[in-house]
Amino acid sequence: MAALHRGRPALPGTGPGRRAARHRGAEPPSRIFRWDGTAFRPFQEIPSRWGYNWHAFTIGGRHFLAHADHVTPSRLYRWDGERFVVHQELAAEHGRAFASFSEGGAHYLLVGCLLSPSRLLRWNGERFAEHDVLDGLGAREFAVLRGERGLYVLRVNFILGTPADPTTALASQLYRWRDGRLEVVQEFPTTGGTDVAVFHDDDGPLVAVSNGLSADVRFAADTVVYRFTEPAE
């Protein structure tokens, strides 16, 4: 594929734009917009410094919104009928992504962090509590895939190391839900992985994985589409 080579980038949160924002002392909040019938209008501001992601889901008719931030805590917000209010903290720092699923009558939330362990939380009726910790660092995004014989989660990893010595060529993971835990069943290569999406054609599930950086830390990396084949029992 053709690509423009712009040289070696910094690690997330360390580039000149971030440094300039810190120097100015003006970190804009994250914002929620509401549709008014003709356009999306500003509705609510969420405190944030280096916001990365949102994830909306419902449990028992209650609406929740998770917000990931690299510097400040990633938090879960709850809709109270008028606005989103803080429900609980999900990660102290390094937040990147979320995924939610229900299995066996229980509700789970994955909290992905770049430089801290990613965790699987379980809903206890009032809030999420830690259920398991995923091995390894570098998480950037998750996707849930339901096969004919089980539930799977894809995890894409982004980058590790330091700004002076970054590593983008990492192994990302395919997990299968088994006996109340996520178990790694396959690893696949990514280079600065940024996103993962599941879609379907007539032959079954497909998985698209985007890579943001090459192994030599350049802006030249392919997006790869995988065919998902569920193993026989």
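Rounding to the nearest 0.5 angstrom, the gap separating the CZ atom in Arg155 from the OG1 atom in Thr190 is 10.0 Å. Here Arg31 contributes atom CZ and Ser48 contributes atom OG; the two are 10.0 Å apart, rounded to the nearest 0.5 Å. Taken to the nearest 0.5 Å, the CD atom of Gln88 stands 8.0 Å off from the CG atom of Leu109. Atom NE2 in His107 sits 8.5 Å away from atom OG1 in Thr58 (nearest 0.5 Å). Residue Ile159 holds its CD1 atom at 9.5 Å from CG of Leu115, rounded to the nearest 0.5 Å.
By the criterion of side-chain heavy atoms lying less than 4.5 angstrom apart, applied directly or through intervening Ile, Leu, Val, Met, Phe, Trp or Tyr residues, Trp54 is not grouped with Phe98; the two fall into different hydrophobic clusters. At a threshold of 4.5 Å between side-chain heavy atoms, the hydrophobic network of Ile, Leu, Val, Met, Phe, Trp and Tyr places Ile46 and Trp50 in two separate groups. Grouping the Ile, Leu, Val, Met, Phe, Trp and Tyr side chains by contacts below 4.5 angstrom, directly or via other members, places Val144 apart from Leu174. Note on Val185: it clusters hydrophobically with Leu154, by side-chain heavy-atom contacts below 4.5 Å among ILVMFWY residues.
For the pair Leu206/Arg227, a side-chain contact is recorded, criterion being any heavy-atom separation below 4.5 Å from C-beta on. No side-chain heavy atom of Tyr175 sits less than 4.5 Å from a side-chain heavy atom of Glu183.
Ring centroids of His87 and Tyr77 are separated by 6.0 Å or more, keeping the two rings apart. For Trp177 and Tyr108, the distance between ring centers is under 6.0 angstrom.
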Worksheet item: When you look at Asn124 and Arg122, which way does the side chain to side chain donor-acceptor pair (under 3.5 Å) test go after all the steps?
Response: CA-CA 6 Å; Asn124 65 12; Arg122 178 173 174 163; over 6 Å; no
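With respect to Asn53, the side-chain hydrogen bond (donor to acceptor under 3.5 Å, both in side chains) criterion is satisfied by exactly one of His67, Arg96, Glu141: Glu141. Screening Glu230, Arg146, Gln186 for a side-chain hydrogen bond (donor to acceptor under 3.5 Å, both in side chains) involving Tyr152 leaves a single residue, Glu230.
At a cut-off of 3.5 Å, with distance as the only test, a side-chain donor of Asp69 or Thr72 sits close to an acceptor on the other residue. Thr168 and Thr191 are not linked by any side-chain donor-acceptor pair at a separation below 3.5 angstrom, with hydrogens and angles left out of the test. A donor-acceptor contact closer than 3.5 angstrom is absent between the side chains of Thr167 and Asp165. For the 3.5 Å distance criterion, the side chains of Arg181 and His131 qualify, holding a donor opposite an acceptor.
Ring pair Trp79/Phe43 is tilted by interplanar angle, where 30° to 60° counts as tilted.
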